[in-house]
Trainee: 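Got a structure here, written out as structure tokens. Questions coming.
Residue numbers start from 1 in every chain, and the chains themselves are labelled A, B, ... in the order their sequence lines are given, proteins ahead of strands. Please read all numbers here as calculations on a predicted model, not as lab measurements.
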Amino acid sequence: MSAFELSSAADVLAGRSPASVEVRGWVARKHTVGGLVFVQLRDGTGYVQVSARKGASDAAYEGARSSTKESAVVVRGEVKDDRRAPGGKEISAKEFVVVSRAESWPITKTAAKSAGFLFDKRRLSIRGPKAIAAMKIRAEVVGATFDYFRENGFHLISAPSFVQAAVEGGSTLFSVDYFGKQANLSQSAQFYEEAALPALQKVWIFQPAFRAEKSKTAKHLTEFWMIEAEQAFAEQPENMKLQEGLLSKMVERVLANRQAELKTLGRTLKQPPLPFPRISYDEALSTAGKLGFPFEWGDDLPTEAERAISLTQDSPFFVTDYPLSARSFYHMTYPDRPKVTKSADLIAPEGVGELATGGQRIHDYHELMQRIQSQDLPTESFAWYLELRKYGMPPHSGFGIGVERSTRWIAGLKHIRSASLFPRTLSRISP
RNA sequence: GGCGACGUAGCUCAGCGUGGUAGAGCAAUUGGCUGUUAACCAAUUGGUCGUCGGUUCGAGUCCGACCGUCGCCGCCA
């Protein structure tokens with residue numbers, strides 16, 4: 001008898017394994033038919049069917065029969081072609097060892113219909129094929145991001161999560177006790193990136209952001225991973241190129257490496273052509289009005305208007321030149337249009353909504369000071385941010401893009417919580 | 001924060017209009033079946049009807065408050 005060599009589900013199905021294999025994994029599904037047991041074994045690479053036959057190998061048969069759904073098992077056997085097996089190959093078991101027997105599995109096929117239950121049991125339900133596909137796509141998106149920034153000469157930095165100043169509105173901060181002082185959890189690393197620019201010129205960051213927005217929608221998490229980048233000597237047009245290049249790279253990599261996962265999720269994804277369309281805020285205002293979703297100049301793009309416009313697009317697109325009234329204080333305005341910012345949102349098609357927000361920052365000390373004062377913001381909170389403008393701050397721009405939002409769009413997920421292993425939302429902080 | 005739904009078995013739901021101490025499917029357990037793909041067939045097990053209070057001889061059902069979940073909006077990545 002030949003020795004069993006360690007292999008994986010994916011290698012067995014692809015025909016890359018030796019004839020006698022050992023595979024380690026979990027029982028994803030089990031059927032018994034008389035003296036035959038079929039087990040769909042799952043490992044980190046995929047699924048493969050194992051059959052155990054009474055009479056052929058009674059020990060393997062007994063092992064397989066006594067296994068339960070989600071038990072951890074080690075299987076040794078012969079790889080055989082069989083048209084009746086999913087994928088056309090199966091492992092005919094000689095040995096079937098239950099390493100860790102699972103109790104009665106709570107995720108049943110009716111439970112799969114209940115999003116609330118699945119997320120209550122998220123620590124277990126993440127073993128399902130759709131959750132696995134979403135996580136593999138997310139990992140591909142993150143991997144593409146690391147490569148993209150390295151290829152473009154950006155330095156990865158890190159920034160604190162305990163902060164004092166708010167980058168976005170102050171009402172959306174989570175506060176924590178910091179040895180008797182109040183600290184907040186960071187909403188964005190943007191200010192730290194700006195500080196790093198004179199040292200590194202092109203920087204990016206990958207870390208969690210915390211937003212205490214009481215948003216109960218399919219696109220909000222209270223804790224999410226954000227990709228942010230900031231470039232010195234780069235103005236807004238260059239900033240948009242960087243963003244579309246990144247999203248494009250994410251899609252390219254997922255299309256290249258995650259076809260099976262896209263199929264599992266029922267997602268049809270196409271490579272969007274570059275450059276992405278640029279629609280000015282004023283155009284968006286007019287288009288939304290024509291589509292029956294009017295709003296006032298100066299307001300942020302309402303969700304209905306954004307969705308209506310996005311349904312007219314078949315690739316991601318930018319909405320540019322937002323009014324200052326809809327933007328944070330640090331946004332730079334056009335010299336001849338003081339109420340219009342050099343900024344843009346990157347919006348996904350199909351009604352998915354905002355993926356990224358970016359813009360050019362004010363680099364002049366007096367202009368920024370004036371802006372802070374005119375908006376009645378506490379100057380002392382932004383003292384160090386302001387001070388950066390005293391020591392050689394060139395024109396610069398940057399953006400932030402949500403990892404889970406990008407994954408949600410690319411993977412075609414209905415809700416952003418499916419793009420997170422353990423999502424944090426308004427009503428969910430466990431498990 | 002606003003508007004709207006919904007809480008009955010481990011899960012999905014029916015029952016509530018016309019009040020009289022709960023029912024199905026799935027899951028689980030046991031048995032049967034030597035090619036299953038959401039397997040199938042049979043039997044068994046399983047419920048302080050979200051919580052508290054009110055009306056009533058009697059409340060899963062009617063009324064009130066509270067708690068929780070979900071959806072859409074505002075806000076945003």
Side-chain angles (χ1 to χ4, degrees), chain A residues 28-40 47 49-56 61 64-65 68-69 80 82-87 90 92 102-121 124-125 129 167-169 171-172 187-190 207-228 243 247 293 295 299-307 322 326-328 345-348 351-358 399-409 414-417 419-420 425-428:
Chain A
R29 212 163 59 203
K30 180 187 143 189
H31 292 144
T32 63
V33 186
L36 250 179
V37 184
F38 296 103
V39 164
Q40 292 300 322
Y47 298 84
Q49 176 161 292
V50 176
S51 67
R53 195 178 294 264
K54 194 177 184 178
Y61 169 75
R65 209 175 62 90
T68 53
K69 197 170 184 194
K80 290 184 174 162
D82 196 315
R83 287 189 296 115
R84 297 166 295 189
E90 70 178 16
S92 177
E103 292 180 17
S104 168
W105 184 245
I107 316 291
T108 62
K109 52 189 174 187
T110 41
K113 289 193 282 187
S114 166
F117 182 77
L118 289 182
F119 281 95
D120 285 343
K121 300 280 182 188
L124 302 178
S125 63
V167 177
E168 305 298 327
S171 62
T172 65
Q187 305 162 303
S188 162
Q190 182 195 319
Q207 69 173 41
F210 304 89
R211 302 274 171 97
E213 295 153 7
K214 295 199 170 175
S215 309
K216 289 176 282 187
T217 77
K219 59 180 182 179
H220 283 88
L221 295 170
T222 53
E223 176 181 354
F224 62 96
W225 282 73
M226 188 146 66
I227 295 158
E228 294 175 274
Q243 291 172 57
L247 190 60
F293 302 98
F295 59 97
D299 290 348
D300 203 350
L301 199 57
T303 299
E304 287 90 348
E306 180 191 87
R307 183 177 297 119
Y322 276 81
R327 287 303 207 208
S328 294
D345 281 358
L346 177 56
I347 299 173
V352 170
E354 281 178 47
L355 299 180
T357 291
F399 68 92
I401 182 168
V403 172
E404 290 82 7
R405 282 192 178 180
S406 305
T407 303
R408 180 193 170 206
W409 172 64
K414 285 201 170 57
H415 199 291
I416 194 169
R417 63 190 165 208
S420 172
T425 62
L426 190 58
S427 60
R428 201 170 288 281

Trainee: Which is true for A/Arg83 with a 4.0 Å heavy-atom rule: it touches a base, it touches only sugar-phosphate, or it touches nothing?
Mentor: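 Contact class for A/Arg83: none.
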Trainee: Roughly how many Å apart are B/G7 and B/U51, using the P atom of each and rounding to a whole number?
Mentor: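 These two P atoms come out 14 Å apart once rounded.
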Trainee: When the P atoms of B/U29 and B/G74 are considered, how many whole Å apart are they?
Mentor: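 Going atom to atom, P in each nucleotide, I get 48 Å.
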Trainee: Measure from CZ on A/Phe38 to C1' on B/U36 and round the result to the nearest Å.
Mentor: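 Taking atom C1' of B/U36 as the reference, CZ of A/Phe38 is at 5 Å.
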Trainee: Has the side chain of A/Asp300 got a donor or acceptor that lies under 3.5 Å from a partner of the other kind on the base of B/G74?
Mentor: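 Looking at the base of B/G74, it does not pair with any donor or acceptor on the side chain of A/Asp300 (distance under 3.5 Å).
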Trainee: Using a 4.0 Å heavy-atom cut-off, does A/Glu228 contact any base of the nucleic acid, only the sugar-phosphate backbone, or nothing at all?
Mentor: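 Since no nucleic acid heavy atom lies under 4.0 Å of A/Glu228, the category is nothing.
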Trainee: Taking a pair as Watson-Crick or G-U wobble with both distances under 3.5 Å, which nucleotide is matched to B/A43?
Mentor: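 With both distances under 3.5 Å, B/A43 matches B/U29.
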Trainee: Using Watson-Crick or G-U wobble geometry with both distances below 3.5 Å, tell me the partner of B/G17, or none.
Mentor: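 Here B/G17 is not engaged in any pair, so there is no nucleotide opposite it.
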Trainee: Can you tell me the distance, in whole Å, between the CH2 atom of A/Trp225 and the P atom of B/C76?
Mentor: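 Spelled out: CH2 on A/Trp225 to P on B/C76 is 24 Å.
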Trainee: Using the C1' atom in both, what is the distance from B/G17 to B/A59, to the nearest Å?
Mentor: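 Straight-line distance between the two C1' atoms is 15 Å.
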Trainee: If you only use heavy atoms from C-beta on, which nucleotide in B/A77, B/U36, B/C75 is closest to the side chain of A/Pro86?
Mentor: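 Looking only at heavy atoms from C-beta outward on A/Pro86, the closest nucleotide is B/U36.
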Trainee: Distance check, P atoms only: B/C13 and B/U36, in whole angstrom units.
Mentor: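 Approximately 32 Å lies between the P atom of B/C13 and that of B/U36.
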Trainee: Check whether A/Lys30 reaches the backbone of A/Arg65 with its side chain - one donor and one acceptor, N or O, closer than 3.5 Å.
Mentor: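 Yes; judged by distance alone, with no hydrogens or angles, the pair exists.
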Trainee: Using heavy atoms to find the nearest nucleotide of RNA chain B for A/Thr217 and A/Ala111 separately, return the residue whose nucleotide is more 5′.
Mentor: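 Looking at the nearest nucleotide for each, A/Ala111 comes out on the 5' side.
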Trainee: Provide the Watson-Crick or G-U wobble partner of B/C6, both distances under 3.5 Å; none if there is no partner.
Mentor: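 Paired with B/G68.
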Trainee: Return the set of residues passing side-chain contact (heavy atoms from CB on, under 4.5 Å) with A/Ala305 (not counting sequence neighbours), or none when no residue passes.
Mentor: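 With neighbours one apart ignored, the set is A/Ala288, A/Phe293, A/Phe295, A/Leu301, A/Pro302.
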Trainee: Using a strict 4.0 Å threshold on nitrogen-to-oxygen distance, state whether A/Arg327 and A/Asp300 make a salt bridge.
Mentor: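 No, this pair does not count.
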Trainee: Out of B/G71, B/A38, B/A77, which nucleotide sits closest to the side chain of A/Ala356?
Mentor: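 For the A/Ala356 side chain, the nearest candidate turns out to be B/A77.
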Trainee: For atom C1', what is the distance between B/C16 and B/U61, given to the nearest Å?
Mentor: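 That atom pair is separated by 4 Å.
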Trainee: Looking only at side-chain atoms of A/Glu354, point me to the closest of B/C72, B/G35, B/A77.
Mentor: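 Looking only at side-chain atoms, A/Glu354 lies closest to B/A77.
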Trainee: Is the aromatic ring of A/Phe224 within stacking range of B/A77, meaning centres under 5.5 angstrom and planes under 30 degrees?
Mentor: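 Yes, aromatic ring over the base.
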Trainee: Please name all residues satisfying side-chain hydrogen bond (donor to acceptor under 3.5 Å, both in side chains) with A/Asp299, sequence neighbours left out, ordered by chain then number.
Mentor: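 Partners of A/Asp299 under the side-chain hydrogen bond (donor to acceptor under 3.5 Å, both in side chains) test: none.
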Trainee: Would you mind reading off the distance between A/Ile416 atom CD1 and B/C76 atom P, rounded to a whole angstrom?
Mentor: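 Taking atom P of B/C76 as the reference, CD1 of A/Ile416 is at 15 Å.
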Trainee: In whole angstrom, give me the gap between the P atoms of B/C6 and B/C40.
Mentor: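 Comparing P positions in B/C6 and B/C40 gives a spacing of 32 Å.
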Trainee: Rounding to the closest angstrom, what is the interatomic distance between B/C11 and B/A27 at atom C1'?
Mentor: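 Pairwise C1' distance, B/C11 against B/A27, rounds to 7 Å.
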Trainee: Determine whether a donor-acceptor pair (one donor, one acceptor, N or O, separation below 3.5 Å) exists between the side chain of A/His31 and the base of B/C40.
Mentor: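 Not at all, since no donor on one side and acceptor on the other fall under 3.5 Å apart.
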Trainee: What side-chain donor-acceptor pairs closer than 3.5 Å can you find for residues 219-227 of chain A, not counting sequence neighbours?
Mentor:
{"residue": "A/His220", "atom": "ND1", "partner": "A/Thr217", "partner atom": "OG1", "Å": "2.6"}
{"residue": "A/Thr222", "atom": "OG1", "partner": "A/Arg424", "partner atom": "O", "Å": "3.1"}

Trainee: Looking across every strand, which nucleic acid part, if any, lies under 4.0 Å from A/Ala115 by heavy atom: base, sugar-phosphate, or nothing?
Mentor: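 The residue A/Ala115 makes no contact with any strand.
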Trainee: Could you run through nucleotides 1-9 of chain B and give me one letter per nucleotide, 5' to 3': B if any protein heavy atom sits under 4.0 Å from the base, S if only the sugar-phosphate is that close, - if neither?
Mentor: BB-------
Trainee: Students often get this wrong, so: under 4.0 angstrom with heavy atoms, is A/Arg327 touching a base, only sugar-phosphate, or nothing?
Mentor: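 Since no nucleic acid heavy atom lies under 4.0 Å of A/Arg327, the category is nothing.
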Trainee: A/Glu213 has a side chain; which of B/U36, B/U12, B/A77 sits nearest to it?
Mentor: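 The answer is B/A77.
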Trainee: From C-beta outward on A/Met226, which listed nucleotide comes closest to its side chain: B/C75, B/A77, B/G71?
Mentor: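 Output: B/A77.
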Trainee: Compare the minimum distances between each of B/C75, B/G74, B/A39 and the side chain of A/Thr303, then state the nucleotide with the smallest one.
Mentor: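 Among the listed nucleotides, the one closest to the side chain of A/Thr303 is B/G74.
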Trainee: Distance between the C1' atoms of B/G46 and B/U8, in whole angstroms?
Mentor: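 B/G46 and B/U8 have their C1' atoms separated by 14 Å.
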Trainee: What's the shortest heavy-atom distance between A/Gly400 and A/Glu228, and which atoms?
Mentor: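 Reported closest heavy-atom pair: CA-CG, 3.8 Å.
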Trainee: Atom CD of A/Gln49 to atom P of B/U37: distance rounded to whole Å?
Mentor: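 A/Gln49 atom CD is separated from B/U37 atom P by 10 Å.
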Trainee: Need one value for A/Ile107: base, sugar-phosphate or nothing, where a base atom within 4.0 Å counts as base even if backbone is also close, heavy atoms only.
Mentor: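 No contact.
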Trainee: Look only at the side chain of A/Asp82 and the backbone of A/Arg84, and say whether a donor-acceptor pair between them is shorter than 3.5 Å.
Mentor: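 Flag set: sc A/Asp82 to bb A/Arg84 pair under 3.5 Å.
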Trainee: Whom does B/G53 pair with, Watson-Crick or G-U wobble, provided both distances fall under 3.5 Å?
Mentor: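 Base-paired to B/C63.
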Trainee: Summarise how protein sits on nucleotides 25-34 of chain B as a single string, 5' to 3': B when a protein heavy atom is under 4.0 Å from the base, S for sugar-phosphate-only contact, - for no contact.
Mentor: BBSS----BB
Trainee: For A/Tyr322, what residues pass the ring pair (Phe, Tyr, Trp, His ring centres under 6.0 Å) criterion, not counting sequence neighbours?
Mentor: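 By the ring pair (Phe, Tyr, Trp, His ring centres under 6.0 Å) rule, A/Tyr322 matches A/Tyr281.
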Trainee: Is any side-chain heavy atom of A/Ile416 closer than 4.5 Å to a side-chain heavy atom of A/Arg405?
Mentor: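 They are in contact (side-chain heavy atoms under 4.5 Å apart), so the answer is yes.
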Trainee: Under 4.0 angstrom, heavy atoms only, what part of the nucleic acid is A/Gly116 near: base, sugar-phosphate, or nothing?
Mentor: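 No contact at all - A/Gly116 keeps every heavy atom at 4.0 Å or more from the nucleic acid.
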Trainee: What does A/Arg408 touch in the nucleic acid at a heavy-atom separation under 4.0 angstrom: a base, only the sugar-phosphate, or nothing?
Mentor: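 Answer is nothing: A/Arg408 stays at 4.0 Å or more from every strand.
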Trainee: Of A/Glu90 and A/Phe117, whose nearest nucleotide on RNA chain B comes first from the 5' end?
Mentor: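 With A/Glu90 and A/Phe117 compared, the 5'-side residue is A/Phe117.
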